[in-house]
Amino acid sequence: MSRHYHIVTFGCQMNRADSERMAGVLDDLGWQAVADENQADLILYNTCTIRDNAEQKVYSYLGRQAKRKHQNPGLTLVVAGCVAQQEGERLLRRVPELDVVMGPQYANRLADLLAQVEQGQQVVATEAIDILEDITKPRRDSRVSAWVNVIYGCNEHCTYCVVPQVRGKEQSRQPEAIKQEIISLAEQGYKEITLLGQNIDAYGRDLGTRPDGRYRMTLTDLLYHIHDVGGIERIRFVTSHPRYFTERLIQACAALPQVCEHFHIPFQSGDNGILRAMQRGYTREKYSQIISKIRHYLPDAAISADAIVGFPGETEAQFTQTLDLVAEIGFDQLNTAAYSPRPGTPAAKWDNQIPDEVKQDRLQRLNHLVAQVAAQRSQRYQGRVEEILIEGVNPKDPTQGMGRTRTNRLTFVAGETQVGRLVPVAITEVRAFSLTGMPVTSLSGAGQVG
Ligand code: SF4
């Protein structure tokens, strides 16, 4: 018997794109979308905090479904998005019938979270900080794109972050084991891989040194080692740390055709005082230099990042530095979060915490700017032909395939739904965080007969 899901999406385009991805995950798991939420076995509210009434609406919807759950204990209730991110466990206390509370960055991991629910757990996945840094499981929701862990753990001491305590010391996998995994993924038909590490630039530091004292293996060396596995068309890597990011790595990205022109390099704050308090180990100026270097070698590269607002002690002037940096760099995408104290981290104990309403106000202002900047960045795609790797079908329009540019922009492709195909696509519509286009062949073939 098939199971049915219903997704209710509040807020911005980013939320809508996330909902589409989560619907894709559910489709892959064999669920079927249903229009009436009262017929659904799983209801997912993808929430937004930009407007208070959106938040209030979520609570009223949830209240109704929580009651339904008393009659139908098999009903699964999920709250995703920004309210989930902010409220975390508080949501569970308010609505104990909930099964999953998940921040926006967990959209790709919905399958894993639901597997935990099936084992009887109530899941809170809102680790606000390590947006891409905490993804350590293979991405099972795709037959095209796979995650490959290359280094586990983290030796840094960012004062807000719990990862080093929970994930332990850095441990790099051997390059040969990584290559074998990639060969096996290629044999299974995967076209794209994303190398993963919480601080991926640390790769190889624990694999020994050469007689001249240099590391035997670095992330750059690894890219050269694995780039030519037949069948793998695209290689990505996350998450980069500005402290360790090298020019040699950028040169490798420019030299190796499979490595995509997209860099995810969290800056966290645009203010040097806050960066020092976070113990990030770099300055804003160093960050800007890295981006200039990337643009020197790869002028069209997309840049994304993570940022935190309302870190303890952050003044309005310091927050403005973050806004400045976002405008200066021109990010294609930015994952933003209001600081939330994680138990056991140094910053959680400081007495200069920022009131919630100030954090929320800053988060909204930053998100507003991010959407503006992303919309500007998207303009460059208008009328261009981009190579899209089709990863699935648009759940809202089955005549459209959906995939990504090499620069990681979500793209809907009219009339091309064959998953796994790399298609040249003429971009006809641009939005802040997604594009729409049609295959070039169908453009040039328009009007031809036979
Ligand atoms: S680099 Fe910092 S933020 Fe990233 S996982 Fe390590 S301690 Fe956490």
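Being a predicted model, the structure only gives us computed values, none of them experimental. Counting convention: from 1, in listed order, for ligands and their atoms alike.
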Discussion item. Any heavy atom of Gln268 closer to ligand 1 than 4.0 angstrom?
Written reply: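 Per 4.0 Å heavy-atom rule, Gln268 does not contact ligand 1.
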Item to complete: Give the atoms of ligand 1, by number and element, whose distance to some non-hydrogen atom of Cys161 is under 4.0 Å.
Response: 3 (S), 5 (S), 7 (S), 8 (Fe)
Fill in: Atoms in ligand 1 with a heavy atom of His241 nearer than 4.0 Å
1 (S)
Worksheet item: Arg284 side chain to Asn272 main-chain N or O, any donor-acceptor pair under 3.5 Å?
Response: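 Judged by distance alone, no pair lies under 3.5 Å.
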Worksheet item: Under 6.0 Å between the ring centres of Trp350 and Phe311?
Response: yes
Worksheet item: Less than 6.0 Å separating the ring centroids of Phe331 and Phe267?
Response: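 Yes, the ring centres sit under 6.0 Å apart.
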Worksheet item: Is Cys154 close enough to atom 6 (Fe) of ligand 1 to have an N, O or S atom under 2.8 Å?
Response: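 Coordinating: yes.
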Discussion item. Quick check on side-chain contact (heavy atoms from CB on, under 4.5 Å): which of Ile151, Val238, Val148 does Leu196 satisfy it with?
Written reply: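 One option only clears the test, and that one is Val238.
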